[in-house]
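To start, the structure itself, in structure tokens.
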Amino acid sequence: MTFQEFEKRVQNAKQLDFGDIFNKSIELFKKVWVQGLVMLLLSMVIILPFYLLMYLPLIGAGMIDPYMFEQGSGASFALMIPFLLFALVFGLIATVVGFGMRAGFYRICKMKDLNEIGSDDYFFYLKKPYLGKLIKLSLATFGISLVAVLLCYLPIFYVIVPITLMNVIFAFNPEQSVSEIVKSGFALGNKKWLITFGLVIVSSLLASMVGMIMCFVGIFVTASFAYIPAYYIYKESIGFDSEEENKQIENI
């Protein structure tokens, strides 16, 4: 779908019903909770080694010299510089992996929702020809989030909606450029901000509460429910083209 066509569909998007989307999200979650759990676990497995690499040097240095991190220590300052640099790299890697895995999950949601035939490829967007665009898009969303945080945090409540929708838009419109996906996210986000924000907050709280009731381990099972309403926001507002659906299946 071209950016121009996307804009037209945003302008002509129908009124959405909170309860209808919420109920549909629950029904779809029953079909994809296993895939959501696998997505989350795979993301953790990929990111965990980088997390350990970031902290192991600090732990090792602290064991060698317990007083290294005391205030005014030159060695402590020298060690913190590479730590902060690695933290930035780790943050980018985590953003890319998370963004790509969620896009793959949305693709799976579409297949289960529309009864399409295909494999559950969680790494679909972490491979060529999408990886380069995924990295650029992750940098863009990371930058948008950083600017929002620097502006006294309040703008983060606004940009959380466009960024959430950018993930879904990328999953179903990977042919759009990075700038077009960002513009599409803000266009749809501005049009459907309130209902999207409400669904994201309510679904996240529900997923957390149910997960905690299941002895906290259940959070891993319920966490993916928070992503599903965004799929229906896209589906009900923009919809899918049959030709694009066929192309997605052919690429499996």
Side-chain angles (χ1 to χ4, degrees), residues 1 6 9-10 12-40 43 95 98-116 120 122 124-125 137 141 144-145 148 156-174 181-182 184-214 218-240 245 248:
M1 185 187 306
F6 188 95
R9 295 195 184 189
V10 169
N12 298 323
K14 66 180 182 180
Q15 193 74 20
L16 302 180
D17 182 81
F18 186 101
D20 179 58
I21 291 179
F22 190 77
N23 290 333
K24 287 180 178 178
S25 298
I26 293 176
E27 292 304 313
L28 182 57
F29 177 71
K30 295 176 183 178
K31 299 179 182 179
V32 299
W33 70 268
V34 173
Q35 288 81 2
L37 175 61
V38 172
M39 173 204 63
L40 184 62
S43 300
T95 302
F99 206 95
M101 295 293 281
R102 284 193 298 273
F105 176 66
Y106 284 127
R107 179 173 170 273
I108 294 171
C109 285
K110 176 171 171 283
M111 288 193 298
K112 300 298 182 182
D113 181 36
L114 302 180
N115 296 316
E116 295 178 351
D120 296 342
Y122 301 93
F124 186 84
Y125 295 102
L137 191 56
T141 55
I144 292 170
S145 301
I156 198 68
F157 291 102
Y158 165 68
V159 301
I160 190 174
V161 169
I163 288 176
T164 299
L165 294 174
M166 284 177 207
N167 212 157
V168 191
I169 293 167
F170 169 70
F172 302 126
N173 303 273
I181 292 173
V182 172
S184 296
F186 277 96
L188 183 57
N190 291 333
K191 185 78 172 181
K192 303 296 182 183
W193 189 89
L194 188 59
I195 188 171
T196 305
F197 184 79
L199 283 165
V200 168
I201 296 299
V202 171
S203 58
S204 298
L205 289 174
L206 181 62
S208 299
M209 288 189 295
V210 174
M212 286 188 289
I213 292 173
M214 297 169 64
I219 292 178
F220 293 103
V221 177
T222 60
S224 62
F225 175 69
Y227 304 136
I228 298 178
Y231 164 79
Y232 278 108
I233 293 289
Y234 179 92
K235 179 185 177 183
E236 300 294 326
S237 300
I238 308 300
F240 301 112
E245 292 173 13
Q248 290 285 342

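Start at 1 with the first residue, then count along the sequence. Remember, it's a predicted structure, so these values are computed and weren't measured experimentally.
Salt bridge status for K24 with E27: absent, with no side-chain N to carboxylate O gap under 4.0 Å.
The CZ atom of F6 sits 3.5 Å away from the CD1 atom of I169 when rounded to the nearest 0.5 Å. Rounding to the nearest 0.5 Å gives a distance of 12.5 Å between CG of L165 and CD1 of I181. Atom-to-atom distance recorded for F99:CZ and M166:CE is 7.5 Å, nearest 0.5 angstrom. Atoms CZ and OG, from R9 and S237 in turn, are 11.5 Å apart once rounded to the nearest 0.5 Å. Atom CD1 of residue I238 and atom CG of residue N173 lie 8.5 Å apart, to the nearest 0.5 angstrom. L188 contributes atom CG, which lies 9.0 Å from atom CG of N190 (distance to the nearest 0.5 angstrom).
Listed for the Y232 side chain is no donor-acceptor partner under 3.5 Å among the backbone atoms of S25.
For the pair D120 and M111, the minimum side-chain heavy-atom distance is below 4.5 Å. A heavy-atom distance below 4.5 Å is not found between the side chains of L40 and S224.
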Cut-off 3.5 Å, no hydrogens considered: what does the side-chain donor-acceptor table look like for residues 12-19, sequence neighbours left out?
residue : atom : partner : partner atom : Å
N12     : ND2  : K8      : O            : 3.1
K14     : NZ   : E236    : OE1          : 2.9
D17     : OD2  : G19     : N            : 3.2
D17     : OD2  : D20     : N            : 2.7

Side-chain donor-acceptor contacts of residues 201-210 below 3.5 Å, not counting sequence neighbours, with atom names and distances?
residue : atom : partner : partner atom : Å
S203    : OG   : L199    : O            : 2.6
S203    : OG   : V200    : O            : 3.1
S204    : OG   : V200    : O            : 2.6
S208    : OG   : S204    : O            : 2.9

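Nearest approach of I156 to S145, heavy atoms of both residues: CD1-O, 4.0 Å. Nearest heavy-atom pair, I233 versus K192, reported as atom, atom and distance to 0.1 Å: CG2-CB, 4.4 Å. Considering every non-hydrogen atom in both A226 and P229, the closest pair reads O-CD, 3.7 Å. Residues K191 and V10 share a closest heavy-atom pair of CE-O, 3.4 Å. Taking all atoms of both residues into account, the shortest heavy-atom contact from R102 to M39 is CA-SD, 3.9 Å. Minimum heavy-atom separation, Y122 to M101: O-SD, 3.5 Å.
For the ring pair (Phe, Tyr, Trp, His ring centres under 6.0 Å) with F29, the lone residue among F22, F225, Y227 that qualifies is F225. With V182 as the fixed residue, the side chain to side chain contact (heavy atoms under 4.5 Å, CB included) test singles out one of I163, T141, I144: I144.
Within 6.0 Å of the CH2 atom in W193, the count of heavy atoms belonging to other residues, nucleotides or ligands exceeds 12.
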Begin from the C-alpha positions of F105 and I228 and carry the test side chain to side chain contact (heavy atoms under 4.5 Å, CB included) through to its verdict. CA-CA 9 Å; F105 176 66; I228 298 178; 4.3 Å; yes
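With ring centers used as reference points, Y234 lies under 6.0 Å from F240.
Annotation: side chain to side chain contact (heavy atoms under 4.5 Å, CB included) contacts of I160 (sequence neighbours excluded): T164, F197.
Under the 3.5 Å distance criterion, with hydrogens and angles disregarded, a donor-acceptor pair is assigned to the side chains of D113 and Y231.
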